[in-house]
Every structure is written in structure tokens, then in C-alpha cells.
Amino acid sequence: MSVPMLKMYISFAGMLLLILSIGLILLSRTKLKGFFAGIVAIIAYIFFIVGALIILYIVFSGPTR
């Protein structure tokens, strides 16, 4: 597999994590209560941080040949 294709798939994973974090935060704030809502929110924030770091890495790594 070439490096540009690998970067594309990695960026798709980052975008998926960001979309999942949005959905989990909305779920924890509207539908869930108590301890379970806190656990889901923590997981969502972890997904957000990891997804943002992946996207930042892909963007700042520059173009590929």
C-alpha cells in the first residue's frame, strides 16, 4: 500500500472518531443520566482528542509523492 493511500485511510479514521465523539456527547447530554452519562462523555472526549491529533498529524505532515 502506498503512503498517500495509507494517510487517506488514517485521516478517515480520524474523521470517524470526530463524528463519533459528536454523537456520544449529544447522547450523554440529552438521553443519559448520572454515572453512565459521565462515562460516555469521557469516552467521547477521548475520541475527540485522538481524532483531532490524527487530523493534525495528517495535515502538518505535508504532501506526499
Side-chain angles (χ1 to χ4, degrees):
M1 180 178 298
S2 65
V3 174
M5 289 298 290
L6 186 62
K7 281 188 166 186
M8 182 188 72
Y9 290 132
I10 292 170
S11 70
F12 284 160
M15 288 186 280
L16 179 67
L17 286 174
L18 291 173
I19 291 168
L20 281 174
S21 71
I22 292 170
L24 288 175
I25 285 294
L26 288 173
L27 179 72
S28 72
R29 289 186 179 185
T30 58
K31 301 289 183 184
L32 303 175
K33 299 285 185 204
F35 179 74
F36 194 62
I39 295 297
V40 171
I42 289 171
I43 292 170
Y45 285 120
I46 291 171
F47 282 179
F48 178 76
I49 291 168
V50 172
L53 288 175
I54 289 172
I55 296 298
L56 282 174
Y57 169 73
I58 296 297
V59 168
F60 288 124
S61 67
T64 56
R65 293 182 185 187

Measure the spacing between [atom1] of [X] and [atom2] of [Y] and express it to the nearest 0.5 Å.
| X | Y | atom1 | atom2 | value |
| --- | --- | --- | --- | --- |
| S11 | L16 | OG | CG | 11.0 Å |
| S21 | F47 | OG | CZ | 9.0 Å |
| I43 | L20 | CD1 | CG | 11.0 Å |
| M5 | T64 | CE | OG1 | 11.0 Å |
| I58 | Y9 | CD1 | OH | 13.5 Å |

Connected via hydrophobic side-chain network under 4.5 Å: [X] and [Y]:
| X | Y | value |
| --- | --- | --- |
| M8 | L18 | yes |
| M15 | Y57 | yes |
| V40 | I22 | no |
| L27 | F48 | yes |
| I39 | L26 | no |

**Prompt:** L17 and side chain to side chain contact (heavy atoms under 4.5 Å, CB included): which partner among I54, I46, I55, L53?
**Reply:**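 Only one option passes, and that is I54.
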
**Prompt:** Do the side-chain N and O atoms of S61 and K7 include a donor-acceptor pair separated by under 3.5 angstrom?
**Reply:** yes

**Heavy-atom side-chain contact between Y45 and I25 under 4.5 Å** =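 SC-SC contact between Y45 and I25 confirmed.
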
